[in-house]
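Only one structure is covered here, and it is reproduced in the block below.
Note that the structure is a prediction, hence the values are computed from the model and not measured.
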Amino acid sequence: MDKDDYRNTTYCQKLEKINEKKLALKIKIRQDGHPRTENFYEIIRDHYKRDYLNIYNQKCSYCGVSVLTTGYHLFEIDHYKNKASYPTVAAAGEIDNLVLSCYTCNRGKSKLEIVDKYLDKLQPDNSGIRGFFYRDKDYSIKISDEYSKDTDIIKFYKSLKLDYEFRRIDFLLLNMDGLYHKLKEGKLKTKIGELKGILKEKRALIYTTRE
């Protein structure tokens, strides 16, 4: 388990140079025939989604769930600061305001207005968000002691459903997947593969019930 980032397991590739990678994608999009584009939301969603997934190591920037667990179709491009906060739709779609999100985090966050004092710190491209949440021994996402009674952080935490039971299974599945790919072929690898299948079925049941 990565003690510095609740979104990572021991085997996860760390999120690095997110803003540099987004800038590189922005340049690529302009060179590909969109030189005057300011609103990148639809272009990334419709044509560059896989590129965006790779920037985030194919994981939700908020909770850390992997595309391997939920599937490609349940990943979305999220406006971090909601569209209503901007004077125009185009301004809201600037690439710096777009982050990769799983369906649950994106729809839960929806029109949530994040208070100014936490706006930069909770932006998942920055390292600050790691200081608000951590993984407990049972793999649950918990609010750090310093913010455990902060109503704004609790609202963010609850809105994104970071307290839901399937978050534990998501993390366990991600950890098992990392171990699975490190192991050589054999009985242990086969057993872990079987357990992954069982956990995915349990996750689907819990997810459907909570949603």
Side-chain angles (χ1 to χ4, degrees), residues 5-8 12-133 141 152-153 155-162 167 170 211:
D5 194 330
Y6 67 96
R7 299 167 293 184
N8 289 338
C12 286
Q13 180 181 354
K14 292 188 176 182
L15 289 170
E16 295 179 322
K17 301 179 179 178
I18 298 296
N19 292 320
E20 290 181 26
K21 293 174 182 178
K22 287 168 75 170
L23 177 59
L25 179 59
K26 180 178 181 178
I27 293 171
K28 182 179 187 298
I29 290 171
R30 291 200 185 285
Q31 292 174 341
D32 285 350
H34 307 279
R36 296 182 178 82
T37 296
E38 295 300 330
N39 184 358
F40 288 85
Y41 174 75
E42 291 185 358
I43 292 175
I44 291 174
R45 183 195 63 188
D46 297 339
H47 303 290
Y48 294 89
K49 185 177 175 182
R50 291 195 182 278
D51 295 89
Y52 223 63
L53 279 162
N54 290 335
I55 288 174
Y56 290 90
N57 299 334
Q58 300 191 4
K59 300 194 323 177
C60 175
S61 62
Y62 294 113
C63 71
V65 67
S66 170
V67 67
L68 297 174
T69 300
T70 64
Y72 176 83
H73 65 290
L74 285 179
F75 270 74
E76 302 178 333
I77 309 302
D78 172 48
H79 294 85
Y80 171 65
K81 189 176 178 182
N82 68 58
K83 288 180 285 187
S85 302
Y86 286 86
T88 65
V89 173
E94 169 55 50
I95 201 166
D96 291 341
N97 189 47
L98 303 178
V99 299
L100 185 68
S101 176
C102 69
Y103 177 90
T104 301
C105 284
N106 192 20
R107 299 311 168 93
K109 180 172 161 285
S110 188
K111 297 180 180 179
L112 175 69
E113 290 190 18
I114 302 171
V115 295
D116 288 345
K117 68 176 180 178
Y118 290 137
L119 196 58
D120 290 334
K121 293 180 180 179
L122 284 172
Q123 216 284 1
D125 292 351
N126 303 326
S127 60
I129 193 172
R130 301 180 305 188
F132 293 97
F133 311 108
I141 300 175
D152 294 311
I153 298 303
K155 185 176 181 181
F156 182 91
Y157 176 75
K158 293 286 187 180
S159 294
L160 275 67
K161 303 181 176 68
L162 296 180
R167 302 301 193 183
D170 290 345
E211 288 295 303

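Contact annotation: the side chain of Asn126 approaches that of Asn19 to within less than 4.5 Å [non-hydrogen atoms, C-beta and beyond]. With a 4.5 Å cut-off on side-chain heavy atoms, Tyr56 and Val99 count as touching. Within the 4.5 Å cutoff, the side chain of Asp125 has heavy atoms near those of the Lys22 side chain. In this structure the side chain of Lys155 reaches within 4.5 angstrom of the side chain of Leu112, judged on heavy atoms. Tyr52 has its side chain within reach of Ile95: a pair of non-hydrogen atoms, C-beta onward, lies under 4.5 Å apart.
With respect to Ile44, the side-chain contact (heavy atoms from CB on, under 4.5 Å) criterion is satisfied by exactly one of Asp51, Leu98, Leu100: Leu98.
Identified under the ring-ring contact (aromatic ring centres under 6.0 Å, His included) test for residues 58-101, with sequence neighbours left out: Tyr41-His79. Under the ring-ring contact (aromatic ring centres under 6.0 Å, His included) criterion, the residue pairs touching residues 108-132 are Tyr118-Phe132, Phe132-Tyr147, with sequence neighbours excluded. Each salt bridge (charged side-chain N to carboxylate O under 4.0 Å, His left out) pair with one or both residues in residues 52-75, not counting sequence neighbours, would appear here, but there are none. Sorted by first then second residue, the side-chain hydrogen bond (donor to acceptor under 3.5 Å, both in side chains) pairs that include residues 23-37, not counting sequence neighbours, are Lys26-Glu94, Lys28-Asp32, Asp32-Tyr48.
Across Ile18 and Ile55, no two heavy atoms sit closer than the pair CD1-O, 3.4 Å. Nearest heavy-atom pair across Cys60 and Cys63 is SG-N, 3.5 Å. Nearest approach of Leu162 to Cys105, heavy atoms of both residues: CD2-SG, 4.3 Å. The two residues Arg167 and Leu160 come nearest to each other via the heavy atoms NH2-O, 2.6 Å. Nearest heavy atom pair, residue Lys117 against residue Asp152, reads CE-OD2, 4.1 Å. Across every non-hydrogen atom of Lys109 and Asp78, the tightest pair is NZ-OD2, 3.2 Å.
Distance NE2/His47 to CD/Glu42: 9.0 Å, rounded to 0.5 Å. In this structure, OG in Ser61 is found 7.5 Å from CD in Gln123, a value given to the nearest 0.5 Å. Distance check, rounded to the nearest 0.5 Å: OG1 of Thr69 to CD of Gln58 gives 11.5 Å. The NZ atom of Lys111 sits 8.5 Å away from the CG atom of Asn82 when rounded to the nearest 0.5 Å. A distance of 11.0 Å separates CG in Asn97 from NZ in Lys83, rounded to the nearest 0.5 Å.
In this pair, Phe156 and Phe133 present their aromatic rings parallel. The plane angle is below 30°, not in the 30 to 60° band.
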Exercise for the section: Test Lys14 against Asn8 for side chain to side chain contact (heavy atoms under 4.5 Å, CB included), laying out the working first. Expected result: CA-CA 7 Å; Lys14 292 188 176 182; Asn8 289 338; 4.1 Å; yes

| message | Between Leu74 and Thr104, does the side chain to side chain contact (heavy atoms under 4.5 Å, CB included) criterion hold? Intermediate values first, please. | response | CA-CA 8 Å; Leu74 285 179; Thr104 301; over 6 Å; no

Side chain to side chain contact (heavy atoms under 4.5 Å, CB included), that's the test. Do Arg7 and Ile129 meet it? Break it down for me.
CA-CA 10 Å; Arg7 299 167 293 184; Ile129 193 172; 3.9 Å; yes

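Listed by chain and residue number, nothing satisfies the salt bridge (charged side-chain N to carboxylate O under 4.0 Å, His left out) test with Arg45 (two or more places apart in sequence, or in another chain). With sequence neighbours left out, Lys81 forms a salt bridge (charged side-chain N to carboxylate O under 4.0 Å, His left out) with no residue at all.
Counting only distance, with no hydrogens or angles, the side chain of Asn57 and the backbone of Gln13 share a donor-acceptor pair below 3.5 Å.
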